[in-house]
A.B. asks: 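Starting off with a structure, shown below.
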Amino acid sequence: MLEPGVRGELVEALRPPSGYEVDYAVGTTFSLDLMAMLLVPLSFALLEVEDHEEMVSDPLLLLEALRRHADRVDLFCQGGAIHLPKGDASFFHFLEGGVHEVLPPKEGGLFHPKVWALRFRPLDVHEPVRYRLLVMSRNLTFDQSWDTLLRLESDPEKKASVAKNRPLCDFLRALPDMMPQPQPKTRERVLAMAGELRGVHFELPPEFEEFDFHPLGIRGYDTLPLPQPKRHRLILSPFLDQSGLRELIPNPGTGVLVSREEALRSLPPDLFSHFQSVWILHPDALGDSADEAQEASLLRGLHAKCFVVNDGWNSQLFTGSANATGAGLHQNVEFMVRLAGKESRCGMTTMMSSKQGTTSFMDLLTPFTPGSEAEPVDPEAQLDWVRTRVFKAFAAAGGALRIVENEETSGFDVQLRFQELPAHREFEIDAVRCWPVTLPESGARTLPSDLTPIAFTNCTLEALSCFMALDVKTRVGEGTTQVRFVLKLPVEGMPADREDRLLRRLLRNRNEVTRFLLYLMAEEGEPPIPMDSTDPAGGGAGTHNLSWINAEALLEPLLRCLSERPHVLDRVGVLLEQLRASEEGAALLPEGFVDLWDQVTPMLREVRR
């Protein structure tokens, strides 16, 4: 179980095993926080960072992690479900190639799975490639909720049958087809990963004896294979509706239900006859209300999804992303894993029991008492439904960007257009404001009702982005609601050398270039230099004072890389090529480093033979 506000378990789950590095990762999420997305390459780089404000305190550290790992990720999310970011968006351009908004194939459905498939490459070529699969209920956001995470590691000594992993592979193969705009490189990488996983053997957690994969909402996969109706069942789901519950608990008195209080109070009282007991999270497990006031947009409370079915001495547990709703079971794209084992180790009794000396799941719960009648649906919950339809509609509205460099001002003009203004019987668009996430909201432009393109003029290179923020005001009946989200839009005219130019602007002086070189050559997960580095000759001191470092001081890390990790020097070579392209850039290199590099280059060619 993932505790609210704790990123450590997810960060640890993404980190490569000792002696390995991340070669490729494909992930899925419903909603996405771009700042949380920055944690992914930082996790791959083995950096001990959990606070998203801390991780941008050293831009060069973040820069190297992103340059090294961001292009190894393809992340698929629901179109329009990218959160409006808070804080500095300077590094979001590194994420643009790896974030893919998708539209689910079924009308009215959502793209809702939370899965990561990772391939790890050994640093020792004699060791085998390893794989890891993460199946979660948590989105890639900073939500403060109780979630689940299942981690499956590959055993390279064993092979799985192709049939066993086919549902997982079919799920991955379906992802590129959900992208509105074809992306051949992404398709090729995802399909290659699906092909590799066909024969990978995943080790079971010790509590279970067997497992299988169950995607939902893609071709050929429409229902969960739940056991016979008479079996006793535990339903753990934050969101509920009558159709989902009646399908999961068809017989009265055979179930235990754990959910959110607001979801339970919207159910008709007769439905509770299906359950032996009904539970909600204890108030002590919901977090500090003062924090909730500060971050009202964050999801809190129960968010885990789990269906447990007892069958005599045995038990089956379904875990993943699907809620106990009709949409979750039949409309959305979801991903679940069925785990089977002895009831005494993983069944309802085990999950709903307290254990002396430890804090169990049961200790987080308190009984729920139903009212005499269902309460009206919370108006805010109804508006949430409308907001979801709004951002889905804009994701399918054919937005696109065109960038033109203005030679007179040395800036850029960015033009935004939509092919259509979304229309829906449940709401009416009142006003739409748009701005690149790299600009302050004060620079927003209003989208005309006739869809005339809008322009953001004289933008800096740093302000160019395919991530566009939208603020949409809609009329719903006699009321209004506001929806704020981000779309990733196709771009025409993005400067091909944007990354090189941004790098040169970040590396402002010789001290920064030296520090960046040390980051490039550092061991994974270890600081390249003491944070209070001083001149050993006494010529100067101070945080990050590296003015004393010259070619002689860089010789040892260069030779160590040459001997142990020659592939690292490729990154050094690229940086040197970029800086040596101009006199100003070459002047930023440490004294004597160019001559030293020219001596190392023949040795590097020899090592690669």
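Just so you know, these numbers use all the heavy atoms, side chains as well, and skip hydrogens, waters and symmetry mates. Please read these numbers as outputs of a predicted model, since none were measured by experiment.
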A.B. asks: Measure up the F94 and F91 rings against each other and bin them: parallel (under 30°), tilted (30 to 60°), perpendicular (over 60°).
C.D. replies: parallel
A.B. asks: Listed by chain and number, what are the side-chain contact (heavy atoms from CB on, under 4.5 Å) partners of A322, not counting sequence neighbours?
C.D. replies: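 A322: side-chain contact (heavy atoms from CB on, under 4.5 Å) contacts with L216, E334, M336.
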A.B. asks: Would you say the side chain of H330 lies within less than 4.5 Å of the side chain of D222, judging by non-hydrogen atoms?
C.D. replies: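 A side-chain contact is absent here, since even the closest heavy-atom pair is not under 4.5 Å.
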A.B. asks: Regarding D413 and R402, does a basic nitrogen lie under 4.0 Å from an acidic carboxylate oxygen?
C.D. replies: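 No, this pair does not count.
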A.B. asks: If the test is side-chain contact (heavy atoms from CB on, under 4.5 Å), which one of L39, D33, L10 qualifies with L140?
C.D. replies: L10
A.B. asks: Can you name the nearest heavy-atom pair linking G97 to D74, along with the distance?
C.D. replies: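 Scanning both residues, the minimum pair turns out to be O-OD1, 4.1 Å.
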A.B. asks: Name the orientation class of the two ring planes belonging to F418 and F394 (parallel below 30°, tilted from 30 to 60°, perpendicular beyond 60°).
C.D. replies: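 Plane angle over 60°, so perpendicular.
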A.B. asks: Any side-chain to backbone donor/acceptor pair from S145 onto D147? Under 3.5 Å, distance only.
C.D. replies: no
A.B. asks: Quick one: does any side-chain atom of Q144 pair with a main-chain N or O of F142 as donor and acceptor, under 3.5 Å?
C.D. replies: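 Yes; at least one donor-acceptor contact below 3.5 Å.
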A.B. asks: Check whether any side-chain heavy atom of V333 lies under 4.5 Å from a side-chain heavy atom of P105, and answer yes or no.
C.D. replies: yes
A.B. asks: Please enumerate all residues that pass side chain to side chain donor-acceptor pair (under 3.5 Å) together with N165, with sequence neighbours excluded.
C.D. replies: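 None.
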A.B. asks: Please check this pair: side chain of Q331 against backbone of E107, looking for a donor-acceptor N/O pair closer than 3.5 Å.
C.D. replies: yes
A.B. asks: Would you call the rings of H214 and F318 parallel, tilted or perpendicular, where under 30° means parallel and over 60° means perpendicular?
C.D. replies: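 Taking F318 first and then H214, their aromatic rings sit tilted (interplane angle of 30° to 60°).
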A.B. asks: Show me the donor-acceptor pairs within less than 3.5 Å that the side chains of residues 485-492 make with the rest of the protein, sequence neighbours left out.
C.D. replies:
residue: K488; atom: NZ; partner: E96; partner atom: O; Å: 2.4
residue: K488; atom: NZ; partner: V99; partner atom: O; Å: 2.6

A.B. asks: Kindly say whether H201 contributes a backbone atom to a donor-acceptor pair with the side chain of K164 at under 3.5 angstrom?
C.D. replies: no
A.B. asks: Can you list everything that forms a side-chain contact (heavy atoms from CB on, under 4.5 Å) with E420? Sequence neighbours excluded, please.
C.D. replies: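 Scan of E420 (side-chain contact (heavy atoms from CB on, under 4.5 Å), adjacent residues dropped) gives A397.
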A.B. asks: For R445, does the CZ atom have more than 12 heavy-atom neighbours from other residues, nucleotides or ligands under 6.0 Å away?
C.D. replies: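 Yes, CZ of R445 has more than 12 neighbouring heavy atoms, counting only those of other groups under 6.0 Å.
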A.B. asks: Does a side-chain heavy-atom distance below 4.5 Å link L464 with T438?
C.D. replies: no
A.B. asks: Side-chain contact, heavy-atom cut-off 4.5 Å: D143 with R138?
C.D. replies: no
A.B. asks: Between S237 and A324, which heavy-atom pair has the shortest distance, and what is it?
C.D. replies: OG-N, 2.9 Å
A.B. asks: Of all heavy-atom pairs between R132 and P16, which one has the smallest distance, and what is that distance?
C.D. replies: NH2-C, 4.4 Å
A.B. asks: Decide yes or no on side-chain contact (heavy atoms from CB on, under 4.5 Å) for F120 and V22, but give the supporting numbers first.
C.D. replies: CA-CA 5 Å; F120 301 110; V22 173; 3.6 Å; yes
A.B. asks: I'd like to know if the side chain of T474 and the backbone of F427 have a donor-acceptor N/O pair within less than 3.5 Å.
C.D. replies: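 Not a single qualifying donor-acceptor pair exists.
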A.B. asks: Applying ring pair (Phe, Tyr, Trp, His ring centres under 6.0 Å), which residue pairs with at least one partner in residues 158-181 are found, sequence neighbours left out?
C.D. replies: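 Every pair satisfying ring pair (Phe, Tyr, Trp, His ring centres under 6.0 Å) with a residue in residues 158-181: F171-F335.
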A.B. asks: Suppose we screen for side-chain contact (heavy atoms from CB on, under 4.5 Å). Which residues come up paired with E405, at least two apart in sequence or across chains?
C.D. replies: F412, R501
A.B. asks: Does G195 offer a backbone N or O that forms a donor-acceptor pair with the side chain of R198 under 3.5 Å?
C.D. replies: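 It does hold such a pair.
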A.B. asks: For G109, is there any backbone N or O sitting under 3.5 Å from a side-chain donor or acceptor partner on K392?
C.D. replies: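 Flag set: sc K392 to bb G109 pair under 3.5 Å.
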A.B. asks: For the side chain of Q183 and the backbone of P176, is there at least one donor-acceptor N/O pair under 3.5 Å apart?
C.D. replies: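 Not at all, since once roles are kept as given, no pair shorter than 3.5 Å links the two residues.
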A.B. asks: Can a salt bridge be assigned to the pair E12 and R15 using a cut-off of 4.0 Å between side-chain N and carboxylate O?
C.D. replies: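 So E12 pairs with R15 through a salt bridge.
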A.B. asks: Locate the shortest heavy-atom distance separating L507 from V513; write the atom from each residue and the value.
C.D. replies: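 The answer is CB-CG2, 3.8 Å.
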A.B. asks: For N139, does its backbone N or O pair with a side-chain atom of T29 as donor and acceptor, under 3.5 Å?
C.D. replies: no
